[in-house]
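So the structure is just underneath, and the comments pick up after that.
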Amino acid sequence: MYSGKAPLTIFFISGFTFAEFGCIRTRNSKVTCCHFSSDGKLLASAGHDKKVVLWNMDNLQTQSTPEEHKLVITDVRFRPNSSQLATASVDKSVRLWDAANPSYCLQEYSGHSSAVMSLDFHPKKTDLFCFCDTDNEIRYWNITSSSCARIFKGGTAQVRFQPRLGQLLAAASDKVVSIFDVETNSQMYSFQGHPELVNYICWDANGEVLASVSQNLVKIWSMTSGECIQELSSNGNQFHSCVFHPSYSTLLVVGGLSSFELWNMADNKSMTIPAHENIVSALAQSPVTGMVASASHDSSVKLWK
Ligand SMILES: *[C@@H]1O[C@H](CO)[C@@H](O)[C@H](O)[C@H]1NC(C)=O
Ligand SMILES: *[C@@H]1O[C@H](CO)[C@@H](O)[C@H](O)[C@H]1NC(C)=O
Ligand SMILES: *[C@@H]1O[C@H](CO)[C@@H](O)[C@H](O)[C@H]1NC(C)=O
C-alpha cells in the first residue's frame with residue numbers, strides 16, 4: 001500500500017525531505033515495537049496481536065510468525081548480520097525466530113518470573129543478547145551455550161547496546177538511565193533529570209550520545225562528559241519514542257501522540273509533522289536504505305524517507 005503524499009521539505013536542512021512511503025495495518029491491535037535487519041531488507045514489527053509481522057522492503061509483502069507468545073510482545077530485535085530475530089513478551093518469555101522460516105519458533109527462553117519488557121543483541125558478540133523485566137532485572141543470555149551469563153539490576157523499560165562497539169549498555173528504569181560497561185561489569189553513569197518515567201532510549205550511530213524520552217522531555221547525554229548536553233520539551237505533545245535519522249546525524253525523530261517532532265539539534269529547531277492516529281510507540285531506522293519506520297497504537301506501521 002503506497003500513499004502518494006508529496007515530500008515535505010524542511011526549511012532548516014536544504015534538500016531534506018521526509019514523507020510517508022508505505023503503510024501496513026494489523027487487525028485492530030496496537031503495535032509496540034519495530035526493528036530493521038542489518039541489511040535493511042526486512043522490517044519486523046509486533047505488539048498486541050502476539051505475532052511478528054515481517055515486512056520485505058523489496059516488494060513490500062508481509063509474512064507472519066505464529067501467535068506463540070501468550071501475551072503482548074514488548075520488543076523485537078534482529079540478530080546483527082543475520083535473519084534471526086528475538087521477541088520479548090509480557091508472557092515472561094523470550095523467543096528466537098528465523099525470518100527465513102518464520103513458521104516456527106527456534107527457541108524459547110521461559111521460566112522467568114516477570115514480564116520481559118525489552119531485549120537487545122550485542123553488536124559484535126552476536127551469540128549474546130540481554131533482556132530486562134518488570135522486576136528491574138537485566139540478564140545477559142548466551143545463545144550458543146543456552147545459559148544466562150549474568151544477572152544484575154538496573155533496567156525495566158528498555159535495554160540497548162552501544163552500536164558498533166557494544167562496550168556499553170544503556171538501560172532505562174523509572175526516571176533514570178544507567179550506562180553499564182559490559183566488559184568490566186560496572187556502572188559508568190547514572191543519568192538523572194527526567195521528572196517522569198523514561199520510556200524510550202536510542203543511541204546515535206557512533207555510540208557517542210544517547211537520547212532518552214519521557215512524556216514531556218527528550219534529553220541528549222554525552223558519553224564523553226557524562227552530562228546532558230541538550231534537551232527538548234514536548235510543549236503539550238506527549239513524547240513516546242525516538243530515533244536518530246539514518247542520513248542526518250544531527251536530526252532526532254521523536255514520536256509523540258499522533259505526530260513526529262523533527263528536532264535538528266545543530267540549530268536547536270524543531271517542527272511537528274502529522275504521522276499516525278494514535279501514540280507513536282516505536283521508531284527504527286536503517287542506515288543502508290535511509291528509511292525510518294514508525295509503529296503506532298493505531299494498529300499501523302509506516303515507512304518514511
Ligand atoms: C556485519 O557486517 C558488516 C558489513 O559486512 C561488518 O562490517 C560487521 O563487522 C559485521 N558484524 C558482525 C558482528 O559480524
Ligand atoms: C557463549 O558460549 C560459547 C560456548 O560455551 C562460548 O564459546 C562463547 O564465548 C560464549 N559467548 C560469550 C559472548 O560469552
Ligand atoms: C533550544 O530551544 C529551546 C526552546 O525551543 C530552549 O528552551 C533551549 O534552551 C534551547 N537550547 C539551547 C542549547 O539553546
Side-chain angles (χ1 to χ4, degrees), residues 10-13 35-42 77-86 94 96 98-100 106-107 109 119-131 138-152 159-169 180-185 193-195 203-207 209-214 216-222 224-225 227-237 239 242 246 249-254 256 259-273 285-290:
I10 293 184
F11 61 95
F12 48 74
I13 303 176
H35 192 224
F36 283 105
S37 58
S38 302
D39 61 7
K41 292 194 171 153
L42 286 171
R77 301 293 285 178
F78 275 96
R79 195 172 180 175
N81 295 359
S82 165
S83 59
Q84 288 183 4
L85 63 152
V94 170
L96 188 69
D98 192 343
L106 294 179
Q107 239 172 313
Y109 309 95
L119 65 78
D120 198 23
F121 282 94
H122 192 287
K124 282 162 92 177
K125 301 173 185 171
T126 65
D127 55 358
L128 191 72
F129 69 79
C130 79
F131 58 93
I138 302 172
R139 287 167 195 246
Y140 291 148
W141 190 271
N142 184 328
I143 298 178
T144 312
S145 64
S146 258
S147 63
C148 180
R150 195 170 168 244
I151 306 178
F152 57 105
V159 278
R160 292 291 181 252
F161 281 107
Q162 183 186 32
R164 290 179 200 202
L165 309 168
Q167 196 193 334
L168 304 177
L169 175 75
F180 297 100
D181 187 318
V182 178
E183 306 302 325
T184 62
N185 288 337
H194 278 283
W203 289 94
D204 74 324
N206 297 322
V209 300
L210 182 89
S212 59
V213 174
S214 61
N216 292 325
L217 199 62
V218 183
K219 280 179 166 282
I220 308 292
W221 306 92
S222 159
T224 317
S225 67
E227 310 217 316
C228 175
I229 48 172
Q230 236 175 324
E231 61 178 45
L232 178 74
S233 74
S234 72
N235 288 323
N237 194 350
F239 290 162
C242 65
S249 60
T250 65
L251 193 71
L252 188 74
V253 183
V254 186
S259 63
F260 294 144
E261 197 69 25
L262 294 188
W263 179 27
N264 185 5
M265 296 175 292
D267 61 5
N268 194 27
K269 282 189 184 144
S270 71
M271 70 179 296
T272 311
I273 294 182
Q285 54 102 345
S286 169
V288 182
T289 59

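The figures that follow rest on heavy atoms only: side chains count, while hydrogens, waters and symmetry mates do not. First listed ligand is number 1; within each ligand, the first listed atom is number 1.
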Query raised in the report: Under the 3.5 angstrom rule, does the side chain of Q162 hit a backbone N or O of G207 as a donor-acceptor pair?
Result: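 A pair under 3.5 Å: yes.
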**Report entry** Check: R164 side chain, P123 main-chain N or O, donor-acceptor pair, under 3.5 Å
**Finding:**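 No, R164 side chain to P123 backbone: no donor-acceptor pair under 3.5 Å.
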Query raised in the report: In terms of side-chain heavy atoms, does N237 have a donor or acceptor partner in T272 at a distance below 3.5 Å?
Result: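 There is no such pair between these side chains.
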Query raised in the report: Side-chain donor-acceptor pair under 3.5 Å between S147 and N142, yes or no?
Result: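 S147 vs N142: no donor-acceptor pair found between side chains.
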Distance from [atom] to nearest protein heavy atom, with residue and atom:
atom: atom 4 (C) of ligand 3; answer: N268 ND2, 4.8 Å
atom: atom 5 (O) of ligand 2; answer: S145 CB, 3.6 Å
atom: atom 1 (C) of ligand 1; answer: N81 ND2, 1.4 Å

Query raised in the report: Would a 4.5 Å heavy-atom cut-off, applied to side chains only, mark N216 and S234 as touching?
Result: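 Sidechains of S234 and N216: in contact.
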Report task. Return a yes/no value: protein heavy atom under 4.0 Å from atom 11 (N) of ligand 2? Result ->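 Under 4.0 Å from atom 11 (N) of ligand 2, at least one protein heavy atom found.
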Requested in this report: Flag atom 7 (O) of ligand 3 as yes if some protein heavy-atom distance to it falls below 4.0 Å, otherwise no.
Outcome: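 When distances to the protein are checked, atom 7 (O) of ligand 3 has no heavy atom within 4.0 Å.
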Query raised in the report: Which of the numbered atoms in ligand 1 are below 4.0 angstrom from a heavy atom of T126?
Result: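 Close to T126: 13 (C).
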Query raised in the report: So, for Y109 and F131, is the gap between ring centers shorter than 6.0 Å?
Result: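 No; F131 has its ring centre 6.0 Å or more from that of Y109.
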Query - Aromatic ring proximity F152/Y140, centre distance under 6.0 Å - result: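 Yes, close enough.
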**Report entry** Shortest heavy-atom approach to atom 13 (C) of ligand 1 - which of S38, P80, S82, P123
**Finding:**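 When every heavy atom of S38, P80, S82, P123 is considered, P123 comes closest to atom 13 (C) of ligand 1.
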Report task. Give yes if a backbone or side-chain nitrogen or oxygen of E231 is under 3.5 Å from a nitrogen or oxygen of ligand 3, and no if not. Result ->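 Not met; the criterion fails.
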Query raised in the report: Could an N or O of ligand 2 be found under 3.5 Å from any N or O of N142, whether backbone or side chain?
Result: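 N/O-N/O distance below 3.5 Å exists for this pair.
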Query raised in the report: What atoms of ligand 2 come within less than 4.0 Å of a heavy atom belonging to D127?
Result: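 Counting from 1, the qualifying ligand atoms are 1 (C), 8 (C), 10 (C), 11 (N), 12 (C), 13 (C).
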